[in-house]
Amino acid sequence: MYENNEIFRIKNNLVISLKMNEIKIFSPATVANVACGFDVLGFCLDNVGDEMVIRKTDKKEINITKIEGFHVPFEIQKNVAGVSALAMYDVIKPDYGFEIEIYKNIKPGSGIGSSAASAAGSVFGMNELLGRPFNKTELTQFAIKGEALANDCEVADNVAAALFGGFTLVKSVTPLEVLQIPSPQQLYATIIHPQIEIKTSEARAILPKDIKLKDAITQWANFGSLIHSLHTNNYELLRKSLHDVIIEPYRSKLIPHYNELKKEAINAGALGSGISGSGPSVFSLSKGIENANAVRDAIKKVYSKTGIAFDIHVSRINKEGVKVIYSH
Ligand code: ADP
């Protein structure tokens with residue numbers, strides 16, 4: 001089954017070839033916040049994401065050798081993929097280095113985890129080439145270091161969703177604890193990405209410092225019932241829980257035609273909609289692909305009238321997270 005001269009490590013009952021030199025991965029886009037789960041909840045998309053190639057090199061250093069799609073820095077200290085890779089490299093200190101190629105399909109600043117896909121992808125790929133010394137929580141820890149470069153603070157909601165897949169709840173960042181929440185089988189996401197720029201720093205700056213107790217009570221009731229609905233496949237409860245009374249009133253002002261978009265999505269059959277990450281992308285969740293497609297058509301109609309360019313995606317929930325395309 002395996003060549004005689006290959007070296008293997010057995011970890012978690014998996015036989016891993018340490019002779020692997022190159023890996024290509026799909027690193028998915030993710031939706032963070034998910035209405036009432038600000039900074040703690042995320043989910044992973046299936047057909048929207050970046051690709052990356054990670055290769056072992058003789059030189060004991062990490063380099064980004066190719067970037068296609070969108071412009072992000074080549075310098076490893078300025079690229080989230082480089083920062084997370086270095087955080088891991090410094091811990092394990094192998095007697096070889098890595099080069100990274102990034103094929104970006106997720107526009108930076110789109111609100112669907114462009115930086116998280118890169119930060120998670122580099123450490124996932126390196127971990128495979130190293131024989132999987134780290135588990136997903138440890139990989140998330142390294143990826144957070146990269147995310148901190150884009151977000152000015154350590155947040156894990158996008159990177160955890162990208163690495164674990166499905167819905168993830170970041171119970172705490174220090175120490176890092178990620179809970180995997182089940183995804184109902186028929187749940188689909190429709191994502192619209194208006195081509196406008198919202199800086200994450202700006203979207204954070206407009207948030208209030210204090211919130212009313214009455215709003216907090218509504219929010220944690222919705223959040224608790226959202227999590228319960230995911231565990232129990234209760235689409236009706238999910239519909240009643242996807243509301244955000246704390247963040248959305250402020251951030252929605254940054255997204256043109258947000259209220260109309262949301263109204264039409266719900267009229268077309270969405271269970272609920274909300275701002276993805278810090279925007280400008282807006283997500284809707286629907287039961288079944290037909291509803292998700294109807295939502296896509298309805299919001300397309302709204303945005304076609306605005307003159308603002310946009311992309312729309314319909315996706316299953318990706319339960320695996322980052323995926324291997326090939327390795328050798
Ligand atoms: P999103 O809003 O899609 O989640 P982010 O706001 O998280 O995107 O990240 C975008 C910022 O991170 C940009 O300023 C971008 O230049 C910077 N950045 C650095 N490296 C990368 C990378 N590899 N991929 C995406 N963005 C990166």
Side-chain angles (χ1 to χ4, degrees), residues 11-17 20 22-32 34 37 40-54 81 84 88 100 102-106 112-144 146-147 156-171 176-191 227 230-231 233 276-277 283 285-286 288-289 292 313-328:
K11 192 168 168 157
N12 302 331
N13 294 327
L14 289 167
V15 180
I16 299 155
S17 169
M20 200 196 284
E22 179 176 314
I23 188 166
K24 184 169 190 179
I25 55 153
F26 168 78
S27 198
T30 45
V31 171
V34 200
V40 296
L41 191 64
F43 69 80
C44 188
L45 299 174
D46 205 32
N47 53 4
V48 194
D50 295 347
E51 291 182 352
M52 296 171 81
V53 173
I54 296 112
S84 60
M88 181 194 223
I100 302 170
I102 306 174
Y103 301 90
K104 284 218 80 71
N105 293 313
I106 319 170
I112 49 171
S114 178
S115 55
S118 288
S122 62
V123 294
F124 176 91
M126 281 165 57
N127 192 49
E128 292 293 302
L129 297 177
L130 286 160
R132 290 193 202 145
F134 300 110
N135 64 30
K136 287 195 174 183
T137 302
E138 290 162 335
L139 293 183
T140 305
Q141 228 139 11
F142 296 127
I144 290 172
E147 266 290 71
D157 46 4
N158 285 104
V159 282
L163 284 161
F164 284 86
F167 279 81
T168 46
L169 168 54
V170 181
K171 161 81 177 67
L176 182 64
E177 201 177 333
V178 178
L179 307 180
Q180 289 185 270
I181 311 294
S183 322
Q185 203 56 35
Q186 295 180 64
L187 203 58
Y188 282 80
T190 308
I191 315 283
I227 298 298
L230 294 170
H231 273 281
N233 283 309
S276 177
F283 77 93
L285 286 172
S286 305
I289 187 139
H313 312 281
V314 172
S315 173
R316 275 186 331 138
I317 309 300
N318 168 358
K319 296 188 183 177
E320 262 177 88
V322 184
K323 294 178 198 179
V324 178
I325 299 172
Y326 71 69
S327 65
H328 56 73

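Throughout, residue positions are numbered sequentially from 1 according to the sequence presented. Hydrogens, waters and symmetry mates play no part in the numbers below; they use all other heavy atoms, side chains included.
Nearest approach of Ala120 to Leu163, heavy atoms of both residues: CB-CG, 3.7 Å. The minimum heavy-atom distance linking Gly165 with Cys44 is given by the pair CA-CB, 3.8 Å. The minimum heavy-atom distance between Ile54 and Gly121, with the atom names listed, is CD1-O, 3.8 Å. The minimum heavy-atom distance between Asn158 and Thr30, with the atom names listed, is ND2-OG1, 2.8 Å. Nearest heavy-atom pair, Met88 versus Phe134, reported as atom, atom and distance to 0.1 Å: CE-CD1, 3.4 Å. Across all non-hydrogen atoms, the minimal contact from Glu147 to Ser115 is OE1-OG, 2.6 Å.
The CD1 atom of Ile102 sits 7.5 Å away from atom OG of Ser122, with the distance rounded to the nearest 0.5 Å. In this structure, CE in Met52 is found 11.0 Å from CD1 in Ile23, a value given to the nearest 0.5 Å. Interatomic distance, CG of Leu130 versus CE of Met20, reported as 10.5 Å (0.5 Å rounding). Taking CD1 from Ile227 and CD1 from Ile181, the interatomic distance works out to 4.5 Å, rounded to the nearest 0.5 Å.
Considering only residues two or more places apart in sequence or on other chains, Lys24 meets the salt bridge (Lys or Arg N to Asp or Glu O under 4.0 Å) condition with Glu51. Here Asp50 pairs with Lys104 under the salt bridge (Lys or Arg N to Asp or Glu O under 4.0 Å) rule; sequence neighbours left out. Residues satisfying the salt bridge (Lys or Arg N to Asp or Glu O under 4.0 Å) test with Glu22, not counting sequence neighbours, are Arg55. In this structure, Tyr188 has no ring-ring contact (aromatic ring centres under 6.0 Å, His included) partners at least two apart in sequence or on a different chain. With sequence neighbours excluded, the residues that form a side chain to side chain donor-acceptor pair (under 3.5 Å) with Lys319 are Gln185. Looking at residues two or more places apart in sequence or on another chain, you find a side-chain contact (heavy atoms from CB on, under 4.5 Å) between Gln180 and Phe164.
Two residues are said to be in side-chain contact when any heavy atoms from C-beta on lie closer than 4.5 Å; Ile25 and Glu128 fail this criterion. A 4.5 Å side-chain heavy-atom check between Val159 and Ile144 finds at least one atom pair inside the cut-off. Taking 4.5 Å as the limit, some side-chain heavy atom of Leu176 sits within range of a side-chain heavy atom of Thr140. Side-chain contact between Asn127 and Pro133: present, with at least one pair of heavy atoms (C-beta onward) separated by less than 4.5 Å. Between Lys136 and Val178, the closest side-chain pair of non-hydrogen atoms is not below 4.5 Å. At least one side-chain heavy atom of Val40 sits less than 4.5 Å from a side-chain heavy atom of Leu169. Annotation: side chain of Pro28 is in contact with side chain of Val322 (closest heavy-atom distance under 4.5 Å).
Judged by distance alone, the side chain of Ser315 and the main-chain N or O of Asp46 form a donor-acceptor pair under 3.5 Å. In this structure, Ser84 contributes its side chain and Ala119 its backbone to a donor-acceptor pair below 3.5 Å. Distance alone, capped at 3.5 Å, is enough to place a donor-acceptor pair between the Ser27 side chain and the Ala117 backbone.
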#### Entry: Stepwise side chain to side chain contact (heavy atoms under 4.5 Å, CB included) test for Leu45 and Asn318
CA-CA 5 Å; Leu45 299 174; Asn318 168 358; 5.7 Å; no
### Query
So Thr168 and Asp157, side chain to side chain contact (heavy atoms under 4.5 Å, CB included) or not? Walk me through it.
CA-CA 7 Å; Thr168 46; Asp157 46 4; over 6 Å; no
### Query
Ile191 and Val48: side chain to side chain contact (heavy atoms under 4.5 Å, CB included), yes or no, with the steps?
CA-CA 10 Å; Ile191 315 283; Val48 194; 5.9 Å; no
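Aromatic ring orientation, Phe283 versus Phe43: perpendicular (interplanar angle above 60°, classes split at 30° and 60°).
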